[in-house]
Number of protein chains: 2
Amino acid sequence: MNKDRPYSALVQRLKAAGLRPTRQRLALAKLLFEPQSGGDRHITAEQLHAEAVAGAVRVSLATVYNSLHQFTGAGLLREVVVEPGRSYFDTNVSDHHHFYFEDGGRLQDIPGEQVHLEGLPTPPEGTRVARIDVIVRLSDGESEAS
Amino acid sequence: MNKDRPYSALVQRLKAAGLRPTRQRLALAKLLFEPQSGGDRHITAEQLHAEAVAGAVRVSLATVYNSLHQFTGAGLLREVVVEPGRSYFDTNVSDHHHFYFEDGGRLQDIPGEQVHLEGLPTPPEGTRVARIDVIVRLSDGESEAS
DNA sequence: ATTCCACATTAGAATTATTCTAAATTATTG
DNA sequence: CAATAATTTAGAATAATTCTAATGTGGAAT
């Protein structure tokens, strides 16, 4: 009784991205993009896999990795690298930046509109700017200047 | 005939950092910080280990990792994370940013003075900004706007 | 509907970067 | 020079991710 109504919006998104709307991709997309379960999220492959398993979705870790990379390639996700040996995937693909809480390893979005970056040199000949990442690393402790 | 004159400047740097100037730390520091061999460098543990071995320095990979982390903790190096699963160590610890060439995986410094970042929100209560990383990711191909 | 086939999924092995462990070595201090 | 504590080391262990080869599945064509 929940097999008959496909999540049409998600199906469309996947199709538009050239990805077959398979059972597992749909389930993962739902976890990632449906507002009630997610909204803006920063999630690792392991975490998403755990969520899927907890939600009675049968999907392998390999498929979670495959899907995350395919979604990223299709512009549905953005990969954020903050620490060596662990990748976060961000469901917010609009232009924005991040706070990173070093104690705890959590990420938080900083809207892109309010931040202005000036004085960057022009990229070398033959290259173009694919993306600019700004990561503000935070530690526990009050800032010193009063 | 090169054992008697210690690289006093490096010895001092290590001592000042609370690290014993051992044979291997000294050799690694030389590779990292001596202008002729290095200057501003972005290097991985594996690369540094290979250089050491090539230079007839007997040092284990574990010690290279240990030393890199100790140097980083002491403020002699800065760790730069650009891609999952690989850490670069930057011998330039002054305030600056990076170009990252996605095709090829190379890093290049962008001097900090010329870049201005405005409109960042104040960090949440109880935290302070440890560092701000700006990574401009470059792909091959000319920028589209003429 | 059934068949077919390219695309997807999977379990488990393999790989890669890094960290850990416990023993051997070495720098420093007395 | 001996004692002590820090350091180094080889190799095992871990962690995240990717690969592989076999099996399963979506959807177009019949």
Side-chain angles (χ1 to χ4, degrees), chain A residues 3-4 6-8 10-29 31 42-53 56-74 76-77 79-89 105, chain B residues 3-4 6-8 10-29 31 42-50 52-53 56-74 77 79-89 105:
Chain A
K3 234 184 142 182
D4 32 34
Y7 301 93
S8 37
L10 289 179
V11 172
Q12 292 321 310
R13 272 181 105 170
L14 292 181
K15 282 188 173 171
L19 299 171
R20 280 192 192 168
T22 62
R23 212 189 279 66
Q24 21 286 73
R25 288 209 271 236
L26 222 28
L28 294 175
L31 287 172
H42 304 99
I43 201 171
T44 66
E46 292 276 0
Q47 285 166 4
L48 182 57
H49 182 243
E51 275 192 21
V53 168
V57 176
R58 270 187 56 267
V59 63
S60 72
L61 185 55
T63 294
V64 172
Y65 273 103
N66 289 340
S67 300
L68 286 172
H69 288 140
Q70 290 153 354
F71 291 0
T72 301
L76 270 40
L77 288 176
E79 192 170 1
V80 184
V81 188
V82 276
E83 52 179 71
R86 172 170 282 100
S87 268
Y88 288 85
F89 292 87
Chain B
K3 235 184 137 180
D4 32 37
Y7 300 94
S8 36
L10 288 179
V11 172
Q12 290 321 310
R13 270 182 109 170
L14 292 180
K15 282 188 174 172
L19 299 171
R20 281 190 191 173
T22 62
R23 210 190 278 67
Q24 21 286 70
R25 288 209 272 236
L26 222 28
L28 295 174
L31 287 172
H42 304 100
I43 200 171
T44 66
E46 293 275 358
Q47 286 166 2
L48 182 58
H49 182 242
V53 168
V57 176
R58 271 186 55 269
V59 62
S60 73
L61 185 55
T63 295
V64 173
Y65 273 103
N66 289 340
S67 300
L68 285 173
H69 287 139
Q70 290 153 354
F71 291 179
T72 301
L77 289 176
E79 191 170 2
V80 185
V81 188
V82 276
E83 51 179 70
R86 172 169 282 99
S87 266
Y88 289 86
F89 292 87

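Computed from a predicted structure; not experimentally measured. Letters A, B, ... are given to chains in the order of the sequence lines, protein chains preceding strands, and every chain is numbered from 1.
- When the side-chain nitrogen and oxygen atoms of A:Ser60 are compared with OP1 and OP2 of C:dT10, one or more of them lie within a distance under 4.0 Å.
- Formation of a donor-acceptor pair under 3.5 Å by the A:Arg25 side chain with backbone atoms of A:Ser67 is not found in this model.
- Atom NE2 in A:His49 sits roughly 16 Å away from atom C1' in D:dA15 (whole-Å rounding).
- Contact between B:Pro21 and B:Leu14 at its shortest, heavy atoms only, is CA-CD1, 3.9 Å.
- In this structure, the side chains of B:Leu61 and B:Glu46 come closer than 4.5 Å at one or more pairs of heavy atoms.
- For the pair B:Arg25 and D:dT8, the criterion of a side-chain N or O lying under 4.0 Å from OP1 or OP2 is met.
- Rounded to an integer number of Å, the gap from CG of A:Leu14 to P of C:dC7 is 17 Å.
- For A:Arg86, the salt bridge (charged side-chain N to carboxylate O under 4.0 Å, His left out) test picks out A:Glu83, with sequence neighbours left out.
- Residue B:Gln24 places none of its side-chain N or O atoms closer than 4.0 Å to OP1 or OP2 of C:dT26.
- Taking atom CD of A:Gln47 as the reference point, atom C1' of D:dA15 lies 14 Å away to the nearest angstrom.
- Rounded to 10°, the angle separating the first-five-pair axis and the last-five-pair axis of the helix from C:dA1-D:dT30 to C:dG30-D:dC1 equals 30°.
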Could you run through nucleotides 16-30 of chain D and give me one letter per nucleotide, 5' to 3': B if any protein heavy atom sits under 4.0 Å from the base, S if only the sugar-phosphate is that close, - if neither? SBBB------BS---
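- The shortest non-hydrogen separation linking A:Ala45 to A:Leu68 is CA-CD1, 3.6 Å.
- D:dT9 atom C1' lies 14 Å from atom CG of B:Leu28, rounded to whole Å.
- Here B:Ala50 pairs with nothing under the side chain to side chain contact (heavy atoms under 4.5 Å, CB included) rule; sequence neighbours left out.
- Not counting sequence neighbours, the partners of A:Val81 by the side chain to side chain contact (heavy atoms under 4.5 Å, CB included) test are B:Val81, B:Pro84.
- The side-chain hydrogen bond (donor to acceptor under 3.5 Å, both in side chains) contacts involving residues 57-66 of chain B comprise B:Ser60-B:Thr63, where partners must be two or more places apart or lie in separate chains.
- Going from atom CZ of A:Arg58 over to atom P of C:dT9 covers 12 Å, rounded to whole Å.
- When side chains are defined from C-beta on, A:Val59 counts as touching A:His49, because their heavy atoms get closer than 4.5 Å.
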